[in-house]
Student: 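Got a structure here, written out as structure tokens. Questions coming.
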Amino acid sequence: MAGALDGLRVLDLSRVLAGPWASQLLGDFGADVVKVERPGSGDETRAWGPPWVSPDDAASSGAGESAYFLSCNRNKRSIAVDLAHGEGAALVRELAGRADVLLENFRAGTLARFGLDDGALRALNPRLVYCTISAWGSGSSRAGEAGYDAMIQAAGGFMSITGAPAAEGGSPVKAGVAIADLVTGFYATSAILAALQARERTGTGQRIEVPLFDAQVAALANQALNFLVGGEVPQRLGTAHPNIVPYQAFATADGHLMLAIGNDAQFRRCIDCLGLAGRLGGAAFASNSARVARRDEVVGAIGAALSERTTAEWQSRLTAASVPCGPVNTLDRVFAEPYVREQALVRRLAHPYDPELPTVANPVRFSGTPVRYSAAPPLLGADTDAVLQEWLGYSAERIDELRASGAIER
């Protein structure tokens, strides 16, 4: 069965995570994604290990493919092209002429040196949707600066609201995954799909730019508006919520349980279940705004009650009472969850180094155009010949000439 984006051609010049995350989503939805990589080394994340998937199971040797690379490059084909080589740049221009979408995250001005900037490529292919992922806006005073996820999390305000409160000895903490990159990848994907829809009306593509910093600031969501509306700088609250009480993790007799009380009715059911109706059931705690004002008292009473039983006991009782809660699971427990098996959240793909390479499923469920899991992340340059033959109609002799010249990987 065809995917939603079946027949769409994506030329992906991006590396690391934000761009590859976006192109992986497009590949999941059926697009033909061709990943253009540097000969010899490829995407930097191929070397970001351990752990590795290796041809000889020598996981400590550094040979093979990193788990990081494997996390964001399924459903793609790899070609190894030297952009600094005249024929290599010309080859990519020709591929862009056949593409619907181009993704790149080079530093501002780099691709223009090779004649691969938006203006040059869209002159050749006016229908091209050209998506640039940058650290900082290309029209800004910081356009030439580099940017990586962790520094963007810090500079974009995310780390200032993440971590234990200063009063508890806490300091700013980055997210456990590259959240700025991931959010940027999601924004880029939705923007590309919007631009493709606009192309259906206008007949022409357009340039898209999604700066990491801008995406991180946009993802501050309610915290940004708390500041812009209220004028107070949000502080770190650990697992607690700035606008809702109780909404945080609590220690139990054997672990931690996250309470996520979203309305007053849930709060009433919660305190009944915890045996705290006499203490927290009065008018002074009836509304969320009242509970926010008396945060310490509410949190203290609930924390004391929850510490008396195990996480499993409380989860069973609270769930039965329709109180939203969940254990703070480690990843081994996450992937051991029966729900994960029911939803097939781990899929297996045939890879040259592992016939059953695990991958985490795309969470989207289409009724008519299913997500595909047709190809494991590619080896560097594994598809160069096939892509040049399919997209450009090159003969084997022409491909051999390019290989001999050094324009593509030898």
Side-chain angles (χ1 to χ4, degrees), residues 5-15 19-20 22-23 26-27 30-39 43 76-134 137-139 143 188-189 191-210 381 383-403 405-409:
L5 301 180
D6 190 53
L8 192 79
R9 285 179 167 178
V10 177
L11 193 62
D12 183 13
L13 277 67
S14 67
R15 301 99 57 215
S23 60
L26 297 174
D32 179 9
V33 180
V34 171
K35 184 177 180 71
V36 181
E37 300 188 73
R38 177 184 299 173
D43 189 317
K76 302 178 188 180
R77 298 192 285 174
S78 172
I79 64 173
V81 182
D82 184 356
L83 300 185
H85 190 291
E87 286 192 285
L91 174 60
V92 173
R93 279 194 295 276
E94 194 172 354
L95 289 167
R98 305 291 199 280
D100 296 289
V101 176
L102 185 145
L103 264 165
E104 63 92 7
N105 62 347
F106 284 82
R107 193 176 296 195
T110 300
L111 289 183
R113 299 203 305 267
F114 308 131
L116 299 174
D117 54 295
D118 166 63
L121 295 185
R122 290 190 55 243
L124 296 173
N125 178 6
R127 290 178 56 80
L128 183 67
V129 172
Y130 188 109
C131 182
T132 293
I133 292 176
S134 55
S138 61
T189 303
I192 288 167
L193 296 177
L196 290 170
Q197 178 63 26
R199 189 180 74 172
E200 290 298 305
R201 297 194 310 273
T202 66
T204 60
Q206 60 183 292
R207 180 178 184 269
I208 300 165
E209 182 174 10
V210 190
D383 307 292
T384 302
D385 291 26
V387 169
L388 297 185
Q389 290 166 355
E390 292 173 23
W391 279 39
L392 304 179
Y394 278 15
S395 66
E397 291 74 19
R398 176 58 180 149
I399 294 171
D400 287 342
E401 290 172 1
L402 288 170
R403 189 163 279 120
S405 75
I408 60 177
E409 186 159 3

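Note that the numbering runs from 1 along the sequence shown for the chain. Since we're looking at a predicted model, the values are computed, not measured.
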Student: Less than 4.0 angstrom from a charged side-chain N to a carboxylate O is my criterion; do Asp32 and Arg98 meet it?
Tutor: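 Not counted as a salt bridge, because no side-chain N and carboxylate O are separated by less than 4.0 Å.
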Student: Would you find a donor on one side and an acceptor on the other, under 3.5 Å apart, between the side chain of Ser14 and the backbone of Asn105?
Tutor: no
Student: Is a side-chain N or O of Glu209 found less than 3.5 angstrom from the main chain of Ser138, in a donor-acceptor match?
Tutor: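 Yes, because the side chain of Glu209 sits within donor-acceptor range (under 3.5 Å) of the backbone of Ser138.
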Student: Can any side-chain N or O of Lys76 pair as donor or acceptor with the backbone N or O of Pro20 at less than 3.5 Å?
Tutor: yes
Student: Quick one: does Arg127's side chain have a donor or acceptor within less than 3.5 Å of a partner on Arg199's backbone?
Tutor: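 Judged by distance alone, no pair lies under 3.5 Å.
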Student: Using the side-chain contact (heavy atoms from CB on, under 4.5 Å) definition, which of the options Ile79, Leu102, Leu103, Thr384 pairs with Val36?
Tutor: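 Only one option passes, and that is Ile79.
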Student: What are the two closest non-hydrogen atoms of Glu104 and Phe106, and how far apart are they?
Tutor: OE1-N, 2.8 Å
Student: Closest approach of Ala108 and Ala143, non-hydrogen atoms and distance?
Tutor: CB-O, 3.6 Å
Student: Does Asn125 use its side chain to pair, donor to acceptor, with the backbone of Ala96 at less than 3.5 Å?
Tutor: yes
Student: Keeping Glu37 on the side-chain end and Asp43 on the backbone end, is there a donor-acceptor pair under 3.5 Å?
Tutor: yes
Student: Would a distance-only check, ignoring hydrogens and angles, find a side-chain to backbone donor-acceptor pair under 3.5 Å from Arg93 to Phe114?
Tutor: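 Between the backbone of Phe114 and the side chain of Arg93 there is a qualifying donor-acceptor contact (under 3.5 Å).
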Student: Do you know the tightest heavy-atom contact between Glu390 and Arg9?
Tutor: O-NH2, 3.7 Å
Student: Looking at every non-hydrogen atom in both residues, tell me the closest pair between Gly406 and His85 and how far apart they are.
Tutor: C-CD2, 3.9 Å
Student: I would like to know whether Asp117 and Arg207 meet salt bridge (charged side-chain N to carboxylate O under 4.0 Å, His left out); could you show each step before the answer?
Tutor: CA-CA 10 Å; Asp117 54 295; Arg207 180 178 184 269; over 6 Å; no
